[in-house]
Amino acid sequence: MDMNISGLVRDNIRSLCPYSTARDEYKGKLGVFLDANESPYSTGYNRYPDPRQLAVKSRLSEIKGIPTENIFLGNGSDEPIDLFFRVFCNPGKDNAVAISPSYGMYAVAADINDVEVRSVPLGEDFSLPVDEIIAACDENTKLVFLCSPNNPSGNAYDPADLMKIVDSVNAIVIIDEAYADFSAKGSLRAQVLEHGNMIVLQTLSKAWGLAALRLGIAYAQKYIIDVMSMVKYPYNINQATQELVLKALESPIDDKVQEIIAQREIVAAEVAEMPFVKKVYPSDANFILVKVDDANRLYDHLIKDEIIVRNRDKVPGCKGCLRMTIGLKEENMKLLESLRRYE
Ligand SMILES: *Cc1c(COP(=O)(O)O)cnc(C)c1O
């Protein structure tokens, strides 16, 4: 769809003049820093961090095959999710469309920003209702949230279905790929280079094992990246995170990802055989969603064995369901042993 992306941005954001950081204005070589009122005594952290995070973006650019100008880094995925609302949605007027059940942060960020969320229920076995999602959009819809692989259902969607939605709506379509590393369907991030109304969201919190460092990644065309960068806090990624992420990005994660996938298949097959289990939903992620006869009772049983899983019983579309993360082999064995003792 040929559309004017700047027309989707809030008027006040489009005309914003961003805060210019102390070192933004001069690009040459410098040796004496007396511009930012920092302490001159080195603690390792006495200087402000790079507000553009160029070193981290360059490394991610190599790993992901996306130019640095198409990469936005946030304090977890939470920050870009919040920024999407602040950049594109006029509070009290615009709306966002999201699939249900899906990741809870979309609705929380929408509520905080006073933006209506139109939930479109997933179909049978959590299938993607493409036409219903397109039909749920109106002239005030600015954002469409699609999560693939979806949390909590675990299934990844057909890339052609996701792209059909991108091509059919006059809104920004966000594809949350937090779990894409675990899916054979892969990532759609390269598609952002051809589709102006698309944002792909990834995170270092899951497959990369860096949840505590808080680094979320948004890929989009330069116009969107520039607007988001203008609205974010200047120093949103702290120096320790930038340094530790750069170091962690040197070690490949493929072996760990493959092991988690292998464990997922073992745990899913074992759990499916248990008498109280009604269904194990197929997963393209690092967790499985399990439907049982009494989710609350099983949850309490696992807690007594000091095992915590996520109880999704109260989530619309997930009645009777527990979401179980795939852990280390020993941890998964403990889970299976505890489940075998349940009666
Ligand atoms: C875990 C998760 C994230 C990651 O959030 P961070 O803030 O980056 O830790 C994003 N989206 C979904 C759907 C998730 O399940």
Side-chain angles (χ1 to χ4, degrees), residues 53 56-57 60 64 71-86 96-110 112 117 119-120 122 126 128 143-157 162 172-183 185 187-189 198-220 228 232-233 236-238 240-242 244-245 248-249 253 256-257 260 264 281 283-289 308-312 315-318 321-327:
Q53 308 111 15
V56 177
K57 283 184 187 170
L60 279 171
K64 302 287 189 175
I71 298 176
F72 174 90
L73 301 182
N75 187 330
S77 306
D78 299 338
E79 183 185 10
I81 290 169
D82 180 59
L83 279 172
F84 301 149
F85 287 99
R86 291 165 62 204
V97 167
I99 54 176
S100 169
S102 194
Y103 187 44
M105 263 319 280
Y106 315 142
V108 172
I112 289 168
V117 178
S119 287
V120 180
L122 294 172
F126 304 115
L128 193 68
L143 306 174
V144 177
F145 284 92
L146 305 172
C147 185
S148 178
N150 188 38
N151 178 5
S153 54
N155 55 328
Y157 295 113
L162 296 167
I172 304 290
V173 179
I174 296 121
I175 311 222
D176 187 341
E177 294 187 348
Y179 302 98
D181 297 283
F182 303 102
S183 168
K185 293 207 167 76
S187 171
L188 284 173
R189 64 180 178 273
M198 181 176 172
I199 301 175
V200 168
L201 197 56
Q202 294 184 345
T203 178
L204 299 188
S205 296
K206 305 289 157 64
W208 283 93
L210 301 172
L213 294 186
R214 312 304 303 131
L215 200 92
I217 311 161
Y219 307 93
M228 288 176 64
K232 79 177 178 71
Y233 292 157
N236 61 329
I237 312 293
N238 69 67
T241 292
Q242 293 192 42
L244 293 169
V245 160
L249 289 175
I253 55 168
K256 286 174 188 151
V257 167
I260 287 171
R264 176 185 78 202
Y281 292 93
S283 173
D284 299 291
N286 66 338
F287 57 84
I288 54 172
L289 189 71
I308 184 159
V309 298
R310 194 86 157 111
N311 189 350
R312 301 283 74 186
V315 173
C318 293
C321 290
L322 298 179
R323 192 192 69 196
M324 304 176 181
T325 305
I326 303 301

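Just so you know, ligand 1 is whichever comes first in the structure, and atom 1 is the first atom listed for that ligand.
- Checking side-chain atoms of E177 against main-chain N and O of L188 turns up a donor-acceptor pair under 3.5 Å.
- Atoms of ligand 1 found under 4.0 Å from any heavy atom of G76 (numbered from 1 in listed order, with element): 7 (O), 8 (O).
- In this structure, atom 15 (O) of ligand 1 lies nearest to the protein heavy atom Y179 OH, 2.6 Å.
- Proximity of M105 to ligand 1, defined as any heavy-atom pair under 4.0 Å, is not found for any part of the residue.
- Remark: side-chain polar atoms of T325 are not paired, donor with acceptor, to backbone N or O of G327 under 3.5 angstrom.
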| field | Criterion side-chain hydrogen bond (donor to acceptor under 3.5 Å, both in side chains) on D176 and Y106, from CA distance to verdict | value | CA-CA 10 Å; D176 187 341; Y106 315 142; 2.7 Å; yes
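- Residue C147 places a heavy atom under 4.0 Å from ligand 1.
- Considering every non-hydrogen atom in both L128 and L146, the closest pair reads CD1-CD2, 4.4 Å.
- Those atoms of ligand 1 with a heavy atom of K206 less than 4.0 angstrom away are 1 (C), 2 (C), 3 (C), 4 (C), 14 (C), 15 (O).
- Ligand-side atoms of ligand 1 in range of D78: 7 (O), range being under 4.0 angstrom from any heavy atom.
- For ligand 1, the atoms sitting less than 4.0 Å from at least one non-hydrogen atom of S205 are 6 (P), 8 (O), 9 (O), numbered in the order shown with element in parentheses.
- Between Y106 and ligand 1, no N or O atom pair is found at a separation short of 3.5 Å.
- Short contacts between ligand 1 and A178, defined as distances under 4.0 Å to a heavy atom of the residue, involve ligand atoms 2 (C), 3 (C), 10 (C), 11 (N), 12 (C), 14 (C).
- Shown here is K256, whose NZ atom has no more than 12 heavy atoms of other residues, nucleotides or ligands within 6.0 Å.
- Residues that satisfy the side chain to side chain contact (heavy atoms under 4.5 Å, CB included) test with D284, not counting sequence neighbours, are P149, N155, A156, S183.
- Checked against a 6.0 Å centroid threshold, the rings of F84 and F72 do not count as neighbours.
- Among all protein heavy atoms, the one lying closest to atom 7 (O) of ligand 1 is R214 NH2, 2.6 Å.
- The salt bridge (charged side-chain N to carboxylate O under 4.0 Å, His left out) analysis of residues 201-210, with sequence neighbours excluded, yields no pairs.
- Atom 11 (N) of ligand 1 has as its closest protein heavy atom D176 OD2, 2.7 Å.
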